[in-house]
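Inspection log for the structure reproduced underneath, given as structure tokens.
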Amino acid sequence: MESYIVGVNVISALLISISAIIVFMRLYRNRGQYKILLGVALIILLAGSIINIYQHSTIWENAEEFEQIVSILFLPIIIFAIYESIIGEQLRTHIKSEQMFKGIFNQTFSFVGLLDSEGRILEANSTACDFIGYGNDEYKGVFFPETRWWEHSAEEKTKLTGAIEQARQGKTVRYETTNIDKDEKVHYIDISLKPIHDSHDKLIYLIAEGRDITEIKSTRLELEKHKRNLEDIVDRRTSELKTANEKLQLKNETLHEKNTIINEQNAKLVSTLIDLKETQAQLFHSEKMASLGVLTAGVAHEINNPLNYIIGAYEALKQKEIHLGDEEAEIIFNAIKTGVDRVAGIVKSLNQFSRNTPSDNEECKIHEILDDSLVMLQSQLNNRIEIHKNYSDETFVTFGNVGNIHQVFLNILSNAEQAINEKGQIWIKTTKNDNHLIITITDSGKGIEKDAINKITDPFYTTKDPGKGTGLGLSIVFGIIKEHGGSLEFESEVNKGTTVTVMLPQKGMKHEQQTQNSLCGR
Amino acid sequence: MNNKPKILYVDDEEMNITVFRLTFSKVFEVLTAESGEKGMEIFTSDPDIKFIISDMRMPAMNGLEFIRKIRNVCAHVPCSILSGYQESPEILEALDNGEIVDYLLKPFNRGAIEQLVLKHVNGTTGN
């Protein structure tokens with residue numbers, strides 16, 4: 001029996017030893033008060049077991065006494081170890097979590113405060129206290145709006161009082177406000193008030209939370225300012241641009257108008273220049289012709305009057321019949337008549353060139369005009385140049401300005417005369433085709449260079465020596481022929497001569513008018 | 001009694017008047033005046049004047065002005081100018097208007113003048 005108890009005790013001691021080893025191993029790894037106690041309790045239990053072995057193996061007789069002591073010690077220790085293991089651990093966890101909460105509460109970046117249901121402040125985190133410089137518990141029990149954070153503004157106090165009232169009614173309130181710090185600097189705060197209720201829905205706390213948004217706010221304000229500035233600048237620039245654009249457009253229009261005006265003026269100038277050239281040429285000619293005209297008209301009158309006396313006297317004498325049968329008287333009478341006719345003819349020719357009638361529908365008898373021109377040139381032609389006339393037998397009449405047509409043929413014949421240096425000949429031939437009178441005047445003169453032939457009708461072009469020609473003659477001739485609807489052609493060979501061909505239209509207008517004229521008046 | 005048509009010749013030069021008279025008095029009854037004013041007097045006092053020939057250039061009143069005055073009094077009498085000047089635009093206009101029936105140049109052509117006057121005078125006698 002005894003041996004059986006010893007055996008059981010040995011097994012129990014072995015198991016307790018293993019347990020103790022495990023506990024200590026754990027203790028080594030993770031120190032806990034309850035583990036030490038458990039270890040101690042296990043050692044005591046092991047000791048009890050060993051004592052029990054001794055007792056039953058009769059090695060130690062007094063073991064019973066020790067066994068009782070060990071049993072007495074073992075129970076409180078094991079109870080304490082169990083308590084410690086359960087309650088103590090719980091407490092430590094609690095303290096740890098409270099510390100953690102405190103840490104979070106105090107170290108958070110936001111301002112956090114706990115208010116009672118009346119709005120009096122119970123707690124404030126150190127961020128909030130450091131901000132205003134509150135010492136320990138200085139603020140406790142003070143109505144939140146009366147605390148130092150709000151000292152700077154009665155308005156903000158009122159707002160906060162209102163917010164507390166709303167929060168007390170169960171609403172979460174959030175708005176933007178201002179606080180001052182210990183240096184009395186105003187900060188922008190994003191504040192919120194949140195009511196906390198117990199399980200019976202009774203209001204127990206208000207949580208106040210504030211975040212310093214001064215930087216954000218000022219950044220935002222700054223940003224806003226920049227934005228506004230930018231908008232202003234953009235607006236200003238836009239309006240400037242608009243104005244500039246309008247101005248530009250206006251200028252553009254003005255420029256365009258001016259350009260048009262300039263172009264018009266330019267065109268006018270060009271045509272004026274052409275007109276001026278023509279006018280200059282005409283003026284030159286007019287001036288010459290005008291003075292010549294006045295002169296010849298005056299001279300003609302002065303000659304015609306005495307001629308009138310002579311012809312009158314001749315007619316009177318003839319009627320007296322004193323010449324009858326008197327051969328000598330007959331000769332004298334003829335001489336007077338021939339002289340008068342001759343002078344009158346010259347004067348008449350002369351007058352053709354000074355005519356200033358503006359009419360363009362006069363009867364121009366080309367053969368008479370050619371003869372008038374030859375009369376005018378008589379002194380230059382005399383004995384030097386032989387004239388060969390080959391006139392058409394038909395009536396050779398165009399209509400236009402008699403004076404101007406005289407000028408045409410005088411000029412052409414004069415050129416022919418001047419082209420002949422010493423002796424030479426001039427051929428004048430008149431023919432007709434269906435619509436035109438063709439007058440060709442050929443000289444045996446020095447001819448015209450090929451290069452020059454295209455230029456000879458240009459104003460001021462002359463090959464004559466200075467002072468001998470103006471270069472206007474053929475230009476005027478060309479103008480007159482054009483006005484009369486005719487044409488002018490030159491053919492020339494140097495040292496052989498030149499042929500000028502004038503073509504003038506035949507017209508039948510004047511004929512009717514003349515018939516009419518003879519009927520009227522009576 | 002007198003078959004010769006009566007014409008009036010006005011010229012400020014005495015010599016012209018003299019030779020005109022000498023030349024034409026056989027064919028016409030020639031009245032003369034040395035100015036437009038005198039011509040007017042003669043014309044108004046003698047209703048038988050059938051044709052008027054006047055010089056153009058005269059002091060005070062020129063030939064056309066004189067003829068216009070005549071025509072104010074009697075628009076039917078044919079008139080003509082005999083001048084040493086080539087015709088001017090003014091003359092051409094007068095021709096076109098019928099104020100003058102012809103423009104004659106000095107030195108005069110006897111035949112032409114006689115023909116002209118007779119043509120017009122014979123025309124009027126018919127009326």
Side-chain angles (χ1 to χ4, degrees), chain A residues 293-294 296-321 336-363 372 401-403 406 513-514 516-522, chain B residues 11-27 50-51 55-57 71 75-80 82-102 104-111 113-114 116 119-127:
Chain A
V294 169
T296 49
V299 171
H301 182 255
E302 289 314 301
I303 295 170
N304 277 339
N305 263 319
L307 285 179
N308 203 52
Y309 312 157
I310 299 168
I311 201 77
Y314 160 81
E315 292 291 351
L317 277 175
K318 227 167 80 172
Q319 285 170 43
K320 292 281 180 197
E321 297 177 354
I336 295 170
K337 182 76 169 76
T338 311
V340 169
D341 285 348
R342 180 86 169 269
V343 177
I346 293 168
V347 171
K348 186 178 151 270
S349 301
L350 203 67
N351 262 328
Q352 298 304 323
F353 297 94
S354 63
R355 285 167 69 100
N356 60 352
T357 51
S359 171
D360 58 358
N361 197 22
E362 296 170 301
E363 195 178 43
D372 284 343
N401 188 292
V402 173
H406 269 87
Q513 215 177 356
Q514 225 178 15
Q516 247 176 1
N517 266 350
S518 63
L519 287 175
C520 80
R522 191 14 261 155
Chain B
D11 199 311
D12 61 324
E13 283 192 54
E14 210 192 319
M15 189 65 85
N16 278 330
I17 290 179
T18 309
V19 295
F20 193 91
R21 267 183 183 284
L22 286 172
T23 306
F24 294 106
S25 49
K26 270 208 169 162
V27 199
K50 297 281 191 269
F51 201 97
D55 184 25
M56 184 63 194
R57 271 256 299 245
R71 290 177 66 80
H76 297 295
V77 65
C79 305
S80 178
L82 173 63
S83 170
Y85 282 105
Q86 203 64 30
E87 66 253 45
S88 62
E90 200 187 5
I91 295 291
L92 291 176
E93 205 186 307
L95 269 171
D96 276 354
N97 291 343
E99 286 174 321
I100 54 174
V101 295
D102 208 346
L104 305 163
L105 270 175
K106 288 177 185 172
F108 65 73
N109 181 325
R110 185 176 64 102
I113 288 176
E114 279 177 7
L116 177 74
K119 182 172 108 186
H120 285 280
V121 170
N122 288 339
T124 38
T125 29
N127 285 344

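As a basis for the values below, the full set of heavy atoms in this structure was taken, side chains included, without hydrogen atoms, waters or symmetry mates. Numbered from 1 within each chain, the chains take letters A, B, ... in sequence-line order. Everything quoted here is computed from the prediction, not taken from an experiment.
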If you check every heavy atom in residues 15-22 of chain B against those of chain A, which residues fall under 4.5 Å?
B:Met15, B:Asn16, B:Val19, B:Leu22
How would you list, by chain and number, every residue that makes a side-chain hydrogen bond (donor to acceptor under 3.5 Å, both in side chains) with B:Asp55, sequence neighbours excluded?
B:Lys106
With sequence neighbours left out, write down each residue that passes ring-ring contact (aromatic ring centres under 6.0 Å, His included) with A:Tyr309, or none if nothing qualifies.
none
Output for pair (A:Asn308 CG, B:Ser83 OG), nearest 0.5 Å, gives 10.0 Å
State the CD1-OG1 distance between A:Ile311 and B:Thr23, to the nearest 0.5 angstrom.
8.5 Å
Counting N and O atoms only, with roles assigned by atom type, does the side chain of A:Asn304 sit under 3.5 Å from a partner on the main chain of B:Tyr85, one being a donor and the other an acceptor?
no
Under the salt bridge (Lys or Arg N to Asp or Glu O under 4.0 Å) rule, collect the residues that match up with B:Glu114, sequence neighbours excluded.
B:Arg110
B:Ile113 side, atom CD1; A:Glu315 side, atom CD - distance, nearest 0.5 Å:
9.0 Å
